[in-house]
Number of protein chains: 2
Amino acid sequence: MDEALTPLVPEATVARLPIYLRGLVDLANDEVGTVSSEQLAATAGVNAENVRKDLSILGSYGKRGVGYEVDFLIEQIKRVLGAGVPIPVVIVGAGNLGRALTHYGGFAAGGFPVKGLVDSSPEAIGQEIAGITVEPFEKLSDVVKKNNCALGIIATPASAAQMVADQLVAAGIYSILNFAPGLVAVPEAVTLRKVDLATELHILAFHEQQRERNE
Amino acid sequence: MDEALTPLVPEATVARLPIYLRGLVDLANDEVGTVSSEQLAATAGVNAENVRKDLSILGSYGKRGVGYEVDFLIEQIKRVLGAGVPIPVVIVGAGNLGRALTHYGGFAAGGFPVKGLVDSSPEAIGQEIAGITVEPFEKLSDVVKKNNCALGIIATPASAAQMVADQLVAAGIYSILNFAPGLVAVPEAVTLRKVDLATELHILAFHEQQRERNE
DNA sequence: CAATGTGAAACAGTTCACAGCA
DNA sequence: TGCTGTGAACTGTTTCACATTG
């Protein structure tokens with residue numbers, strides 16, 4: 001049987017739920033009790049009907065004429081996203097980017113504590129970064145198992161990315177975020193997302209050019 | 001009149017062109033003269049008809065029975081993307097992330113040299129990072145003008161992001177890449193793209209949960 | 001009666017199937 | 001003959017319009 005407990009969430013919705021979650025957490029911190037789709041949309045930068053469609057997929061959690069209860073909605077979104085419990089993350093590559101990501105406290109606050117950091121360079125190994133000791137790349141599998149890491153981040157040069165992905169998969173990691181440019185192939189069962197800085201800049205350059213052309 | 005010289009490129013295509021470009025440059029370095037849609041698709045991780053649709057939007061540059069001429073295609077994609085000439089980039093925020101981005105040589109190689117780096121903290125100002133001296137945030141506008149920066153990157157904490165975006169726009173930057181989490185509003189005419197690490201991890205967590213559920 | 005929930009319409013993007021050309 | 005170029009079908013997503021209800 002296919003997944004069905006949560007009735008099949010479209011990818012576009014999955015991509016927006018974390019944004020709503022962030023807005024909701026802010027509202028909860030401000031002691032706001034209920035929120036309308038209009039207000040939530042404003043915090044997320046989308047339109048209200050979009051918010052309602054997304055939330056209605058999770059279930060009919062709103063009250064007509066009133067809105068959504070902030071705390072309750074936070075719990076529901078966390079449940080759907082699988083963010084009920086913290087998910088330990090391992091970062092491969094302790095260069096500038098790996099260090100930046102390790103320092104980035106937002107991960108831990110958001111439920112993604114960095115619990116492992118490995119690198120292959122002898123200079124990096126043993127260094128302590130944001131309270132984490134850099135382990136040798138060869139220990140990747142041990143680090144993953146010891147800390148129950150379920151998410152892996154590739155922060156190495158492109159040349160190493162494929163090999164690193166292979167090792168992450170071998171270590172039992174099935175969800176990978178790749179910062180290295182270029183193609184990385186993974187087995188069907190693995191989810192790989194990528195953050196491609198050069199591509200982002202190219203897209204901006206395209207729009208920049210469109211703008212100039214229309215002046 | 002609307003843009004028309006290049007006959008309206010769909011966003012999805014714009015997002016893939018840089019990937020093709022990277023693959024093509026690699027092929028050119030390997031002295032490959034022509035490439036089929038099938039081969040190019042393999043380097044980009046998409047399917048061949050997708051490549052053909054995308055390229056046919058730019059013009060009919062392929063030879064039936066043969067494929068596409070690598071060097072020529074590189075030029076055409078660069079032209080469409082507006083990547084014919086290097087576009088100077090300014091980075092706001094010289095913390096871990098800003099430094100990582102400044103060091104990242106891929107930008108310069110890809111035609112996006114970092115020509116400005118500003119920060120508000122007295123300790124950071126004056127430091128030299130990858131050959132760039134950190135200037136005070138107040139000098140942003142001067143730095144942008146002196147170096148003809150056309151792209152801006154926000155690498156500050158979320159709390160400063162909106163203010164930084166406002167200042168970038170005031171300095172004449174209309175294309176912004178934002179690494180800070182949270183909503184940043186910009187005028188209609190400005191293109192803002194964001195890289196949201198927490199969101200990426202949430203999306204991975206969702207798929208991780210789906211996987212577990214189906215086991 | 002203000003705000004949700006949701007069919008229906010419109011739009012965007014992908015895949016299919018094959019005609020057309022070097 | 002092999003590979004491109006593209007209409008047509010399909011799938012996914014957003015927007016619209018409005019009935020529904022606490």
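Here is how names work: the chains are called A, B, and so on, in the same order as the sequence lines, proteins then strands, and each is numbered from 1.
Distance CD (Glu69(B)) to P (dA22(C)): 16 Å, rounded to an integer number of Å. Per the geometry, CG belonging to Asp54(B) stands 13 Å off P belonging to dT6(D), to the nearest Å. Per the geometry, CD1 belonging to Ile57(A) stands 12 Å off P belonging to dG5(C), to the nearest Å. The interatomic distance linking Leu55(A) (CG) with dT6(C) (P) rounds to 12 Å, in whole Å. For the pair Leu8(A) CG and dT11(D) C1', the computed distance is 13 Å after rounding to whole Å.
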List every contact pair, protein side and nucleotides 10-12 of chain C side both N or O, where the distance is under 3.5 Å.
none

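Distance from the side chain of Ala12(B) is smallest for dG13(C) among the nucleotides dG13(C), dT13(D), dT6(C).
A heavy atom closer than 4.0 Å to some atom of DNA chain D occurs in Ser60(B), Tyr61(B), Gly62(B), Lys63(B), Arg64(B), Gly65(B), Val66(B), these being the qualifying members of residues 59-66 of chain B. Contact check of residues 39-51 of chain A against DNA chain D (heavy atom, cut-off under 4.0 Å) returns Asn47(A), Asn50(A). Residues of residues 29-38 of chain A having a heavy atom closer than 4.0 Å to DNA chain C, listed by number: Ser36(A), Ser37(A).
For the pair Gln209(B) and Gly82(A), the tightest heavy-atom approach, listed with the atom from each and the gap, is OE1-CA, 3.2 Å. Here the shortest heavy-atom pairing between Lys115(B) and Val143(B) reads O-CG1, 4.3 Å. Looking at every heavy atom in both residues, Leu40(A) comes nearest to Val35(A) through N-CG2, 3.8 Å.
Sorted by first then second residue, the ring pair (Phe, Tyr, Trp, His ring centres under 6.0 Å) pairs that include residues 32-72 of chain A, not counting sequence neighbours, are Tyr61(A)-Phe72(A).
Considering Asp119(B), Thr156(B), Val118(B) in turn, Val118(B) is the only one that fulfils the side-chain contact (heavy atoms from CB on, under 4.5 Å) rule with Phe137(B). A side-chain contact (heavy atoms from CB on, under 4.5 Å) with Ser37(A) holds for exactly one of Val46(A), Val51(A), Asn47(A); it is Val51(A).
Taking NE2 of His202(B) as the start and CG of Leu151(A) as the end, the distance is 10.5 Å to the nearest 0.5 Å. Atom CG of Leu204(A) sits about 11.5 Å away from atom CG of Leu81(B), to the nearest 0.5 Å. One finds the CD1 atom of Ile154(B) at 11.5 Å from the CG atom of Leu97(B) (value rounded to the nearest 0.5 Å). Once rounded to the nearest 0.5 Å, the distance linking CG of Leu177(A) with CD1 of Ile153(A) reads 5.5 Å.
Between Arg52(B) and the phosphate of dC16(C), there is no side-chain N or O to OP1/OP2 separation shorter than 4.0 Å. Side-chain N/O atoms of Tyr68(B) include one lying less than 4.0 angstrom from OP1 or OP2 on dG5(D).
At its two ends the helix from dC1(C)-dG22(D) to dA22(C)-dT1(D) runs along axes set 10° apart, each axis drawn from five pairs and the angle rounded to 10°.
Electrostatic pairing of Glu49(A) and Arg52(A) does not count as a salt bridge here, judged by no charged N lying under 4.0 Å from a carboxylate O.
Judged by atom type and distance alone, Lys53(A) does not reach the base of dT13(D) through any side-chain donor-acceptor pair under 3.5 Å.
For Tyr174(B), the OH atom is loosely surrounded, since the number of other residues' heavy atoms within 6.0 Å does not exceed 12. More than 12 heavy atoms of other residues, nucleotides or ligands lie within 6.0 Å of NZ in Lys145(B), so this atom counts as buried by the packing criterion. Within a 6.0 Å sphere centred on CD of Glu11(A), heavy atoms belonging to other residues, nucleotides or ligands number more than 12.
At a threshold of 4.5 Å between non-hydrogen side-chain atoms, the residues Ile19(B) and Lys194(A) count as touching.
Checked by atom type and distance alone, the side chain of Arg99(B) never pairs as donor or acceptor with a backbone atom of Asn96(A) at under 3.5 Å.
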